[in-house]
**Student:** 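Take this structure, written in structure tokens, and hold onto it; I'll ask about it next.
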Amino acid sequence: MKTPFQSAPSGALAGALLSAALLSGSCASVKPNQLGATAPTQVEVRDFGRTSDGRTAHAYVLRNSAGVEAVLTDFGATLVALRVPDRNGVLADVVLGFDDVAGYEGKDNQYFGCTAGRVANRIAGGKFSLDGRVHQLATNNAPNHLHGGDKGFGQKLWTTELARDEARVHFSYASPSGEEGYPGLVLASVVYSLTEGNELVLEYSAVTDAATPVNLTHHSYFNLAGAGSPTVLDHVLQVNATRTTPTDETLIPTGELASVAGTPLDFRAPTRVGDRVAELDATAAIGYDHNYAVRDAALVSDLATVLGSGPVAVLSDPASGRVLELYSDQPGLQFYCGNFLFAQRGKGGAMYPHRSGCCLETQGFPNAVNQPSFPNTVLRPGETYRQLTVHRFLVD
Ligand code: GAL
């Protein structure tokens with residue numbers, strides 16, 4: 001399939017040049033025309049503790065005038081907290097997470113809120129061949145590679161730039177050639193912006209000096225009743241996709257596309273998450289953990305295109321009235337409903353039991369690097385990987 005990547009000016013090679021290209025605004029900045037304007041505010045910076053190797057992590061607080069608050073950390077370019085109103089205006093933090101960086105480095109962290117990469121989701125056997133060379137990655141989710149390996153992008157300390165007087169944070173990370181077995185130096189960036197329209201906008205970009213797969217995603221676990229509420233099974237989900245990518249027993253897609261019709265994966269009409277989940281208990285996914293084929297290829301990462309194509313998914317909590325509309329340019333959406341959560345302790349001592357959060361991960365298809373019929377995820381020198389994902393919060 002045709003590459004979704006847009007060409008960057010030629011001659012952009014490794015090192016400072018690439019870095020400059022990324023940081024000097026090759027990232028398509030969101031204009032406030034169809035979204036609420038980016039909230040005019042000073043970003044508050046807080047200490048977020050020390051990493052195990054002695055570096056200081058920070059938390060960055062974005063606020064808008066409705067009182068909505070997004071807290072991010074440079075560790076993993078992670079969304080730590082997101083406070084949005086219910087139908088009575090009462091704010092609740094709707095994402096699972098930890099109080100400090102030690103929590104995010106700890107064994108109880110299951111990619112909470114992070115930027116997963118260099119390749120999010122699974123690569124079969126941790127192996128792929130590119131331009132005649134075989135690359136072996138960590139098989140950290142045996143027998144496969146998951147979310148970038150032993151220490152993927154979600155476990156790295158990113159470099160931060162703050163926008164002046166705007167609710168926006170720019171994180172960048174230089175992933176050296178050979179890191180986790182991947183070829184090529186990759187310079188990745190993600191920009192989080194909070195708008196006056198209660199939208200959290202994520203703009204990703206990446207460039208490389210050698211061909212490599214790149215597939216980034218945002219891994220927040222949402223619970224619209226408030227993180228720590230016991231379940232998301234009463235949430236209602238709509239996914240605007242007619243097909244999924246069926247998998248083998250290790251969650252690697254077989255390469256087929258299957259219709260959702262007549263299966264518990266059919267969310268074309270808004271449906272309670274818990275209604276049919278038990279039918280999946282005895283499957284390899286042990287619940288919802290499926291990639292929806294939203295479209296055949298990524299869209300151009302342009303705000304009008306992405307918003308104009310309509311929401312990929314809508315998640316709502318009828319009790320509180322909180323609604324999340326998700327827009328994205330990506331071909332895939334992994335809907336994962338917290339099957340592996342095990343009542344670990346998170347922010348403020350809250351407990352996160354089985355299925356008490358669900359992830360809506362906009363991304364390329366799993367194992368695309370080994371599946372030529374899937375939309376391309378290989379980034380080459382001179383191209384720029386882009387992704388635009390918008391989380392819009394409403395009430396009903
Ligand atoms: C999801 C993935 C799940 C599981 C989870 C982390 O993105 O689809 O299978 O690995 O991350 O626990």
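Atoms within a ligand are numbered from 1 in the order they appear, just like the ligands themselves.
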**Student:** A211: what forms a side chain to side chain contact (heavy atoms under 4.5 Å, CB included) with it, not counting sequence neighbours?
**Tutor:**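 By the side chain to side chain contact (heavy atoms under 4.5 Å, CB included) rule, A211 matches L130, D131, V378, R380.
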
**Student:** Check each of T244, T245, N367 against N291 using the side chain to side chain donor-acceptor pair (under 3.5 Å) test, and report the only one that passes.
**Tutor:** T245

**Student:** Using a 4.5 Å cut-off on heavy atoms from C-beta on, say whether the side chain of E279 contacts that of V277.
**Tutor:** no

**Student:** Under the salt bridge (charged side-chain N to carboxylate O under 4.0 Å, His left out) test, which residues partner D266, sequence neighbours left out?
**Tutor:**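 Scan of D266 (salt bridge (charged side-chain N to carboxylate O under 4.0 Å, His left out), adjacent residues dropped) gives R268.
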
**Student:** Once salt bridge (charged side-chain N to carboxylate O under 4.0 Å, His left out) is applied, do any residues pair with K127, and if so which ones, sequence neighbours excluded?
**Tutor:**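 Per chain and number, K127 pairs via salt bridge (charged side-chain N to carboxylate O under 4.0 Å, His left out) with no residue.
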
**Student:** If you define the side chain from C-beta out and look only at heavy atoms, does anything of L79 sit under 4.5 Å from L200?
**Tutor:**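 The answer is yes; the side chains approach within 4.5 Å.
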
**Student:** Could you pull out the N/O contacts under 3.5 angstrom between ligand 1 and the surrounding protein atoms?
**Tutor:**
| residue | atom | partner | partner atom | Å |
| --- | --- | --- | --- | --- |
| ligand 1 | 7 (O) | H147 | NE2 | 2.9 |
| ligand 1 | 7 (O) | H219 | NE2 | 2.8 |
| ligand 1 | 7 (O) | E361 | OE1 | 2.9 |
| ligand 1 | 7 (O) | E361 | OE2 | 2.8 |
| ligand 1 | 8 (O) | D289 | OD1 | 2.6 |
| ligand 1 | 8 (O) | Q334 | NE2 | 3.4 |
| ligand 1 | 9 (O) | R122 | NH1 | 3.2 |
| ligand 1 | 9 (O) | R122 | NH2 | 2.8 |
| ligand 1 | 9 (O) | D289 | OD2 | 2.5 |
| ligand 1 | 10 (O) | R122 | NH2 | 3.3 |
| ligand 1 | 11 (O) | H147 | NE2 | 3.1 |
| ligand 1 | 11 (O) | H219 | NE2 | 3.0 |

